[in-house]
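Report on the following structure.
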Amino acid sequence: MKCGIIGLPNTGKSTFFNFISNSKALSENFPFCTIEPNYGMTKVPDKRLYELKKIINPIKIIPSEIKIVDIAGLIKGSHKGDGLGNKFLSHIRETNVIIHMIRFFQDMNVLHVEGSINPIRDKEIIDMELQLKDLETIENKLENIKRKNKIHKSINILKKVFSFLKEGKNIRMYPFQGDEKKYITDLQLLTIKPVLYICNIDEKLNNKTHFYIKNLQKIIELENSTLVVLSLKKNYIYYEIEKILKEAYKLLNLQSFFTVGNKEIRSWSIPNKCTAYEASSVIHTDFQKGFIKAEVIHYNDFIKYKSNKKVKEAGKIFLVGKNYLIQDGDIIHFRFHQ
Ligand SMILES: Nc1nc2c(ncn2[C@@H]2O[C@H](COP(=O)(O)OP(=O)(O)O)[C@@H](O)[C@H]2O)c(=O)[nH]1
Ligand SMILES: [Mg+2]
């Protein structure tokens, strides 16, 4: 699972990346200081791990992790190769979810590539670059189909999505009917990816209610996306970072299950609607190869009864097969042939 951070230069992307990931990016007051993307891992915050810890008292707890990519260099004209150009768009293509950083801090010493502070304009610049790239991708696909002179089921939906983009809209908003979406998934379009917006506001003015922010909020709500407003230069942002990671996790349609032992309690990320069989491979392919059954305790039952023994007495350990759909928070013990 990969989460990419995008936005205009000098908005605070690398600063944010450094906050949340286990590696360090160069954060400088220079628009193109990051050329290659920075990769790091971040732990997914989950209070339930600590609730379980209180009961079991293991040696350690291990939260699941998501990969974070700090992608630099997007500016007006990137889709046709301006700035450090096109290359960045391919880094975005590899991600599953996007965090879009928008600047609202004033700082004469930190250059703004557009020369002034205007979060809505900035958001639109980035959105438009991605939309232009998607238009190009779809155009190429349509031409390709035409060249092969084949009647292709995807033509209809491609054309509809094309006009949608032309109106300046992101494809994630497109009202797909039936199985339409499946005809465009192979294109890995950029504006179809779920997005979480962050507005990095001024640490001194702390102006969350400025009309710029209010308008930005409205626009983003209309897109069914989420905006988090914070100041990266403030010291107490840990709580907000946790909120952001949780939102990103939700956007990715992820849920967690736990494995619990005396030595460690660990959380694992899986997609919603994941079967026990699929989930077993997240731990180890051997678990899946030799899958026999899984013992499942629902999180709330464990918190209520507080021990395996009591859960068992209450009849709340379920022995399930391959097709069991995991519920968020399930505590699972896999039985498998070795
Ligand atoms: N005053 C102020 N400066 C910031 C803030 N966030 C980032 N900066 C500064 O802006 C410059 C660029 O930040 P960076 O994270 O590298 O931006 P990036 O180009 O988007 O990766 C650095 O000098 C940061 O210290 C902020 O909230 N307030
Ligand atoms: Mg940077």
Side-chain angles (χ1 to χ4, degrees), residues 1-3 21-23 39-69 94-97 182 185-186 188 194 242 245-246 248-338:
M1 292 297 168
K2 258 196 213 171
C3 174
S21 83
N22 60 355
S23 63
Y39 293 99
M41 300 297 289
T42 191
K43 295 185 170 61
V44 180
D46 193 333
K47 288 205 183 80
R48 292 174 300 187
L49 276 170
Y50 297 90
E51 294 303 318
L52 292 171
K53 184 177 181 222
K54 281 186 210 158
I55 299 172
I56 299 158
N57 203 20
I59 298 167
K60 60 178 173 181
I61 53 178
I62 308 175
S64 57
E65 294 187 312
I66 337 185
K67 195 165 193 175
I68 303 284
V69 197
E94 293 165 15
T95 64
N96 310 94
V97 65
K182 108 174 173 215
T185 38
D186 63 317
Q188 291 184 291
E242 193 169 311
L245 289 173
K246 277 197 190 132
Y249 202 64
K250 247 195 327 205
L251 280 172
L252 279 165
N253 280 321
L254 290 177
Q255 57 172 349
S256 308
F257 73 88
F258 301 107
T259 50
V260 160
N262 294 329
K263 280 195 192 135
E264 64 178 46
I265 304 173
R266 184 160 182 169
S267 74
W268 305 84
S269 298
I270 48 167
N272 293 335
K273 297 201 188 117
C274 176
T275 63
Y277 183 67
E278 288 159 345
S280 65
S281 74
V282 176
I283 302 181
H284 202 288
T285 46
D286 286 351
F287 277 40
Q288 190 174 49
K289 266 189 234 142
F291 188 99
I292 305 171
K293 289 267 174 198
E295 286 168 28
V296 174
I297 302 173
H298 300 318
Y299 175 78
N300 287 334
D301 288 336
F302 195 81
I303 295 297
K304 182 170 167 193
Y305 296 106
K306 296 196 181 353
S307 76
N308 271 334
K309 193 166 159 268
K310 293 225 175 89
V311 175
K312 199 166 187 179
E313 282 165 11
K316 296 288 185 184
I317 297 188
F318 304 99
L319 197 61
V320 302
K322 281 184 179 177
N323 294 326
Y324 169 76
L325 282 181
I326 309 264
Q327 296 178 25
D328 188 34
D330 275 353
I331 296 161
I332 304 186
H333 178 74
F334 290 101
R335 291 190 194 165
F336 61 103
H337 299 289
Q338 279 172 328

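All figures in this text were calculated on a predicted structure; none of them were measured in a lab.
- What you find for I55 and K306 is that their closest heavy atoms are CG2-O, 3.1 Å.
- For the atom pair CG (N308) and NZ (K310), the distance works out to 11.5 Å, reported to the nearest 0.5 Å.
- Sequence neighbours left out, the pairs with a member in residues 286-295 that pass side-chain hydrogen bond (donor to acceptor under 3.5 Å, both in side chains) are E295-R335.
- By the neighbour-count criterion of 12 heavy atoms within 6.0 Å, atom NZ of K246 is densely surrounded, having more than that number from other residues, nucleotides or ligands.
- Across every non-hydrogen atom of S256 and Y249, the tightest pair is OG-OH, 2.7 Å.
- In this structure, F336 has its ring center no closer than 6.0 Å to that of F291.
- The distance from the NZ atom of K43 to the CG atom of D46 is 14.0 Å, given to the nearest 0.5 Å.
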Give the C-alpha distance, both sets of side-chain angles, the deciding distance and a yes or no for side chain to side chain contact (heavy atoms under 4.5 Å, CB included) between Y305 and N300.
-> CA-CA 9 Å; Y305 296 106; N300 287 334; over 6 Å; no

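- Taking all atoms of both residues into account, the shortest heavy-atom contact from I62 to E264 is CD1-OE1, 3.3 Å.
- Counting all heavy atoms, side chain and backbone alike, C274 lies closest to P271 at CB-O, 3.2 Å.
- Judged as a salt bridge (Lys or Arg N to Asp or Glu O under 4.0 Å), the pairs with a partner in residues 317-330 (not counting sequence neighbours) are, in order, R48-D328.
- Listed by chain and number, the residues in a ring-ring contact (aromatic ring centres under 6.0 Å, His included) with Y50 amount to none (sequence neighbours excluded).
- With I331 as the partner, the side chain to side chain contact (heavy atoms under 4.5 Å, CB included) test is satisfied by one option alone out of V296, L52, I317: L52.
- Using cut-offs of 30° and 60° on the angle between ring planes, the pair Y324 and H298 is parallel.
- Side-chain contact between V44 and P63 is absent, with no heavy-atom pair separated by less than 4.5 Å.
- Side-chain contact between N323 and Y277 is absent, with no heavy atoms from C-beta onward closer than 4.5 Å.
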Let me see the working for F302 and I56 under side chain to side chain contact (heavy atoms under 4.5 Å, CB included), right down to the final yes or no.
-> CA-CA 10 Å; F302 195 81; I56 299 158; 3.8 Å; yes

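- Qualifying salt bridge (charged side-chain N to carboxylate O under 4.0 Å, His left out) partners for K316, counting only residues two or more places apart in sequence or in other chains: none.
- Taken to the nearest 0.5 Å, the NZ atom of K304 stands 7.0 Å off from the CG atom of D301.
- Counting heavy atoms of neighbouring residues, nucleotides and ligands inside a 6.0 Å radius, atom CG of N262 does not exceed 12 of them.
- When atom types are taken as modelled, the side chain of S267 and the backbone of S64 share a donor-acceptor pair closer than 3.5 angstrom.
- Closest non-hydrogen pair, A294 versus F334, comes out as CB-CD2, 3.9 Å.
- Side-chain contact between I326 and I332: present, with at least one pair of heavy atoms (C-beta onward) separated by less than 4.5 Å.
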Verdict with supporting geometry, N22 and T42, side chain to side chain contact (heavy atoms under 4.5 Å, CB included) = CA-CA 6 Å; N22 60 355; T42 191; over 6 Å; no

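- Legend: residues meeting side-chain hydrogen bond (donor to acceptor under 3.5 Å, both in side chains) with K2, ordered by chain and number and at least two apart, are E94.
- The closest side-chain heavy-atom distance from E242 to L245 is not below 4.5 Å.
- Annotation: side chain of I292 is in contact with side chain of H337 (closest heavy-atom distance under 4.5 Å).
- Using a 3.5 Å distance cut-off with no hydrogens or angles, the side chains of Y39 and S21 do not pair a donor with an acceptor.
- Heavy atoms only, all atoms of each residue included: G261 and P58 are closest at O-CB, 3.9 Å.
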Apply side chain to side chain contact (heavy atoms under 4.5 Å, CB included) to the pair L254 and I270, showing each step before the final yes or no.
-> CA-CA 6 Å; L254 290 177; I270 48 167; over 6 Å; no

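- Judged as a side chain to side chain contact (heavy atoms under 4.5 Å, CB included), and not counting sequence neighbours, the contacts of K54 are E51.
- Remark: the T259 side chain and the W268 side chain contain an N/O donor-acceptor pair separated by less than 3.5 Å.
- To the nearest 0.5 Å, atoms SG (C3) and CD1 (I68) are separated by 4.5 Å.
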